[in-house]
Amino acid sequence: MQFKTIFDEELNVPCAGCVVMDNSKFKDGRIYQSKFWDLSQDFEIAYPGMMVISPLRHVSNYIDLTEEEVRELHLLAKHCKMVLSEIFDCSKFANMFYEKPNGHIHFVIIPLHGLVKIENKYAVLAELMAKMSELRQDKENMIMVVETIAKLKEYFSVISL
């Protein structure tokens, strides 16, 4: 399957989530790799701070994760949110967990920092996803994405989970 990243990289892989297991792909968006997980900027949506946490092995169902993987996932998500809350001066996040058929599970963290105005507080995720495409080609937005990645990399360079 063909994918195009926000950094104009062409990826031809059967599972988009498995991109993170090959360290030669999507280097610009990678922030941190722990023992079990990869933390990266979402490679399809250029929303500053939209982080994706993916397992380093192909897992398609949450119940297939080990206890150790689950503990590390939650610790990584907590640290990520702490840093994002400082970067964007925000305290609220939208969180999504995906289990796609024949795909790679992943956990998404979206800081609600006002870049996209949300009209309905009960439909945050639906509204965010509907408005994401308008952010993809915005030059200022991409500058924010790159700056956010750099700040997150700096933080995670001195931490060990």
Side-chain angles (χ1 to χ4, degrees), residues 3-9 11 16-21 23 25-56 62 65 69-100 103-161:
F3 298 93
K4 187 167 185 170
T5 74
I6 58 173
F7 297 109
D8 287 327
E9 296 166 297
L11 304 174
C18 287
V19 167
V20 300
M21 287 192 264
N23 284 325
K25 294 181 172 68
F26 197 54
K27 287 183 178 180
D28 292 335
R30 176 167 287 110
I31 293 157
Y32 179 78
Q33 281 190 342
S34 65
K35 183 176 178 182
F36 301 111
W37 298 93
D38 176 88
L39 174 65
S40 297
Q41 162 69 40
D42 188 291
F43 72 87
E44 292 181 291
I45 300 172
Y47 184 84
M50 185 169 178
M51 298 293 106
V52 177
I53 303 174
S54 298
L56 294 177
Y62 185 83
L65 293 172
E69 287 171 325
V70 171
R71 280 192 296 275
E72 193 176 271
L73 167 65
H74 292 288
L75 188 59
L76 183 56
K78 179 180 177 178
H79 281 278
C80 184
K81 286 183 177 186
M82 287 171 31
V83 179
L84 289 172
S85 66
E86 289 178 26
I87 292 171
F88 295 109
D89 191 27
C90 70
S91 60
K92 298 295 180 190
F93 298 85
N95 303 286
M96 296 182 283
F97 192 81
Y98 283 106
E99 291 180 334
K100 295 181 178 179
H104 204 99
I105 64 169
H106 56 278
F107 183 70
V108 180
I109 299 171
I110 306 169
L112 301 177
H113 51 70
L115 188 59
V116 172
K117 185 170 172 31
I118 302 300
E119 307 293 333
N120 181 347
K121 66 181 179 180
Y122 299 107
V124 171
L125 295 178
E127 283 199 41
L128 269 175
M129 298 315 287
K131 295 177 180 181
M132 290 295 182
S133 61
E134 65 197 50
L135 295 171
R136 185 170 281 192
Q137 302 303 320
D138 186 309
K139 184 177 179 180
E140 283 183 41
N141 185 65
M142 282 305 296
I143 290 169
M144 285 179 64
V145 166
V146 171
E147 288 173 351
T148 301
I149 290 169
K151 289 175 186 174
L152 284 162
K153 280 183 178 180
E154 184 179 329
Y155 173 84
F156 278 99
S157 71
V158 296
I159 194 169
S160 179
L161 298 182

Next on the checklist: Tell me whether Glu86 contacts the main-chain N or O of Cys90 through its side chain, where contact means a donor paired with an acceptor under 3.5 Å.
Outcome noted: no

Checklist entry - With side chains defined as the heavy atoms from C-beta onward, is the minimum distance between Ile53 and Asp38 less than 4.5 Å? => result no

Checklist entry - What is the distance from atom NZ of Lys151 to atom CD1 of Ile31, rounded to the nearest 0.5 Å? => result 12.5 Å

Next on the checklist: What's the separation between atom SG in Cys80 and atom CD1 in Ile109, rounded to the nearest 0.5 Å?
Outcome noted: 4.0 Å

Next on the checklist: Walk me through whether Met82 and Tyr155 qualify under side chain to side chain contact (heavy atoms under 4.5 Å, CB included).
Outcome noted: CA-CA 10 Å; Met82 287 171 31; Tyr155 173 84; 4.1 Å; yes

Item to check | Exercise: identify the closest heavy-atom pair between Ala46 and Met142 | outcome: CB-SD, 3.4 Å

Checklist entry - Leu75 versus Trp37: any side-chain heavy-atom pair under 4.5 Å? => result no

Checklist entry - After noting the C-alpha distance and the side-chain angles of Arg71 and Phe36, does the key distance pass the side chain to side chain contact (heavy atoms under 4.5 Å, CB included) rule? => result CA-CA 10 Å; Arg71 280 192 296 275; Phe36 301 111; over 6 Å; no

Checklist entry - For the residue pair Leu84 and Phe93, what are the closest heavy atoms and their distance? => result CB-CE2, 3.8 Å

Checklist entry - Any side-chain heavy atom of Met96 sitting closer than 4.5 Å to one from Ile110? => result yes

Next on the checklist: Which heavy atom of Phe107 sits nearest to which heavy atom of Ala77, and what is that distance?
Outcome noted: CE2-CB, 3.8 Å

Next on the checklist: Tell me if the NZ atom of Lys153 is crowded by more than 12 foreign heavy atoms within 6.0 Å.
Outcome noted: yes

Checklist entry - Which is it for Phe43 and Val52 under the side chain to side chain contact (heavy atoms under 4.5 Å, CB included) test, yes or no, and what are the steps along the way? => result CA-CA 9 Å; Phe43 72 87; Val52 177; over 6 Å; no

Item to check | Sidechain-backbone polar pair: Glu69 side chain, Lys35 backbone, donor-acceptor under 3.5 Å | outcome: no

Item to check | Nearest non-hydrogen partners of Leu152 and Val83, listed with the distance | outcome: CD2-CG1, 3.5 Å

Checklist outcome for this item: In this structure, CZ of Phe88 is separated from CG of Leu112 (nearest 0.5 Å) by 11.0 Å

Item to check | Closest non-hydrogen atom pair between Met50 and Pro111, with its separation | outcome: N-CD, 4.2 Å

Next on the checklist: If I take atom OG from residue Ser34 and atom CG from residue Leu73, how far apart are they, to the nearest 0.5 angstrom?
Outcome noted: 9.0 Å

Checklist entry - Between atom CD1 of Ile149 and atom CD of Glu147, what is the distance when rounded to the nearest 0.5 Å? => result 10.5 Å

Checklist entry - Asn95 versus Lys81: any side-chain heavy-atom pair under 4.5 Å? => result yes

Next on the checklist: So Val108 and Tyr98, do their side chains get closer than 4.5 Å, heavy atoms only?
Outcome noted: yes

Item to check | Tyr32 and Met51, any side-chain heavy atoms less than 4.5 Å apart | outcome: no

Checklist entry - Donor-acceptor pair, Tyr62 side chain versus Val70 backbone, under 3.5 Å? => result no

Checklist entry - Taking all atoms of both residues into account, what is the closest heavy-atom pair of Ser40 and Arg30, and its distance? => result OG-CA, 3.6 Å

Item to check | Gap separating the CD atom of Glu72 from the CG atom of Leu65, nearest 0.5 angstrom | outcome: 11.0 Å

